[in-house]
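These values consider heavy atoms only, across backbone and side chains, with no hydrogens, waters or symmetry-generated copies. Computed from a predicted structure; not experimentally measured.
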Amino acid sequence: MDPDFLNVFAQSVALNEFLAENVIAQGEKKKLIKPTSSHNPKLEELKLFLIDWINTTLKEEHIVVKSLEEDLFDGLVLHHLLENLGSLKLDVDKIALTEKKQRQKLSVILEAVAKCLQLEESQLKWSVESVFTKDLLSTLHLLVAIANHFEPNLAVPPNVQVETITIENTSRGLKTASAVEYITANKENVETQSKEDAFDELFSRAPDKLDAVKKVFLQFVNQHLGKLGLNVKDIESQFADGVILLLLIGQLEGYFLNLRDFFLTPASTAEMLHNVNLALDLLADGNLLNFSVNSEDIVNGDMKTTMRILYCLYSKYKTKET
């Protein structure tokens, strides 16, 4: 069995219990929200927001939703919601009592949603099976898509992301893969991003000076990380996992970074994002970060974003002695 599977679930859910609740047949693949993300504050905020939105929309019909997983799987609430929001008249019974009828009803509803949103099957992040089996990730994607289409001005909480794990039952055993997935739009601070800064000008109008700026930053970084026996040669790749950035912040800001708080040798994108997000939190706590940053940009090696972060530290500590 893939050791990553054990690492993910052993801490919070007994392996046998998890497999009992999520039976995965031979050849089947499932993507689930990791238990470590299930109590993410932003995720909880989104769930409460959607529940309140549904209840407000269906108030006159005396429908009250308490759980997104338990109250939407049979299609009843979705049926009322679509009729209310889009004036859609669906050729299905209001109440379906048997499992077969519920699946049929849900199939008609989701087909109408895909048609209304003009989505091909390959673009759908949900299915009849996933919604009917009360999969939270699929249900959230479905509701957010409906909300964005029918009420585009609705203030859906942005930047909600979760760590997911895809489990596949192969002939050789369970195979897993971890990832980070956005449920709502990854929106940057529009006002800040719309203003062109020195780095925008550097990249677009003075690319010939880019190497000189990189050299200054590398000298600065190595001056302060030299005592740790580290030598940074490439800004684009060596900052992507967040480790160098965390160690640099620790040296400059005088933080003691417990090895249990971050991943010294990150083995996945999720672990890299954890490191980068921790670094951004430390910068924000130190009032060094006055603009919005997408941590994925740093993990993906975006040079401009990484250099902006380094400049925050350079501008404050360029004269500090080692």
Derivation and outcome, side-chain contact (heavy atoms from CB on, under 4.5 Å), residues Q104 and S107: CA-CA 5 Å; Q104 290 175 343; S107 179; 5.6 Å; no
Steps toward side-chain contact (heavy atoms from CB on, under 4.5 Å) verdict (L283, L313): CA-CA 9 Å; L283 289 173; L313 293 165; 3.8 Å; yes
CA sep, side-chain torsions, deciding dist, call: I109, L82, side-chain contact (heavy atoms from CB on, under 4.5 Å): CA-CA 8 Å; I109 291 172; L82 289 172; 3.5 Å; yes
Pair I309-L280, side-chain contact (heavy atoms from CB on, under 4.5 Å): steps then yes or no: CA-CA 9 Å; I309 296 297; L280 295 178; 3.8 Å; yes
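Distance CG/L248 to CG/L282: 11.5 Å, rounded to 0.5 Å. Here the NE2-CG distance, from H141 to D135, works out to 9.0 Å after rounding to the nearest 0.5 Å. Atom CD of E61 and atom CD of E83 lie 7.5 Å apart (nearest 0.5 Å). Atoms CZ and CG, on F262 and N277 in that order, are 14.5 Å from each other to the nearest 0.5 Å. Note that the CG atom of L110 and the CH2 atom of W126 stand 8.0 Å from one another [nearest 0.5 Å]. How far NZ of K34 is from CG of N40: 13.0 Å, rounded to the nearest 0.5 Å.
When the side chains of ILVMFWY residues are joined at heavy-atom separations under 4.5 Å, either directly or via intervening members, L264 and L225 end up in a single hydrophobic cluster. Hydrophobic clustering places L85 together with L154 (ILVMFWY residues linked when any side-chain heavy atoms are closer than 4.5 Å, directly or through intermediates).
Annotation for N222 and L230: closest pair OD1-O, 4.1 Å, computed over non-hydrogen atoms. Considering every non-hydrogen atom in both L106 and V128, the closest pair reads CD2-O, 3.6 Å. A pairwise comparison of heavy atoms in V276 and A240 identifies CG2-O, 3.9 Å as the closest pair. Closest heavy-atom contact between L117 and A145: CD2-CB, 3.6 Å. For the pair L245 and A279, the tightest heavy-atom approach, listed with the atom from each and the gap, is CD2-CB, 3.7 Å. For the pair K233 and L218, the tightest heavy-atom approach, listed with the atom from each and the gap, is O-CD1, 3.7 Å.
For F263 and H274, the gap between ring centers is short of 6.0 Å.
For the pair W53/L58, no side-chain contact is recorded, criterion being any heavy-atom separation below 4.5 Å from C-beta on. Annotation: side chain of L246 is in contact with side chain of L278 (closest heavy-atom distance under 4.5 Å). In this structure the side chain of L81 reaches within 4.5 angstrom of the side chain of L143, judged on heavy atoms. You'll find the side chain of V232 reaches within 4.5 Å of the side chain of F239, heavy atoms only. Side-chain contact between V156 and F49 is present, with heavy atoms from C-beta onward closer than 4.5 Å. You'll find the side chain of K31 reaches within 4.5 Å of the side chain of L137, heavy atoms only. Side-chain contact check for V180 versus V162: every heavy-atom pair is 4.5 Å or farther apart. Taking the side chain as every heavy atom from C-beta outward, K214 and L210 approach each other to under 4.5 Å.
Under the 3.5 Å distance criterion, the side-chain polar atoms of E253 are left unmatched by any main-chain donor or acceptor of I249. No donor-acceptor pair under 3.5 Å is formed between the side chain of D52 and the backbone N or O of L48. Side chain of T184 to backbone of V160: a donor-acceptor contact under 3.5 angstrom is found. Using modelled atom types, no side-chain atom of S37 and backbone atom of I33 make a donor-acceptor pair closer than 3.5 Å. Without hydrogens or angle criteria, S315 side chain to C312 main chain gives a donor-acceptor distance under 3.5 Å. Checked by atom type and distance alone, the side chain of D302 never pairs as donor or acceptor with a backbone atom of I298 at under 3.5 Å. Remark: the backbone N or O of V243 is paired with a side-chain donor or acceptor of D241 at under 3.5 angstrom. S138 places no side-chain N or O within donor-acceptor distance of the main-chain N or O of V131, the cut-off being under 3.5 Å.
Heavy atoms from other residues, nucleotides or ligands lying under 6.0 Å from NZ of K134 number more than 12. For Q118, the CD atom is loosely surrounded, since the number of other residues' heavy atoms within 6.0 Å does not exceed 12. Applying the 6.0 Å contact sphere to CD of E111 captures no more than 12 heavy atoms from other residues, nucleotides or ligands.
For the pair E181 and K125, the salt-bridge criterion is not met [side-chain N within less than 4.0 Å of a carboxylate O]. Ion pairing between a basic and an acidic side chain is recognised when a charged N comes within 4.0 Å of a carboxylate O; E99 and R103 show such pairing. Checked for salt-bridge contact, E45 and K42 miss the test: no charged N lies under 4.0 Å from a carboxylate O.
Counting only N and O atoms by type, the side chains of N84 and T57 include no donor and acceptor under 3.5 Å apart. For H224 and Q251, the side-chain atoms include no donor-acceptor pair closer than 3.5 Å.
Screening V113, I146, D71, I54 against L78 for a side-chain contact (heavy atoms from CB on, under 4.5 Å) leaves a single residue, I146.
A tilted orientation is assigned to the rings of Y314 and Y311, their planes being inclined by 30° to 60°.
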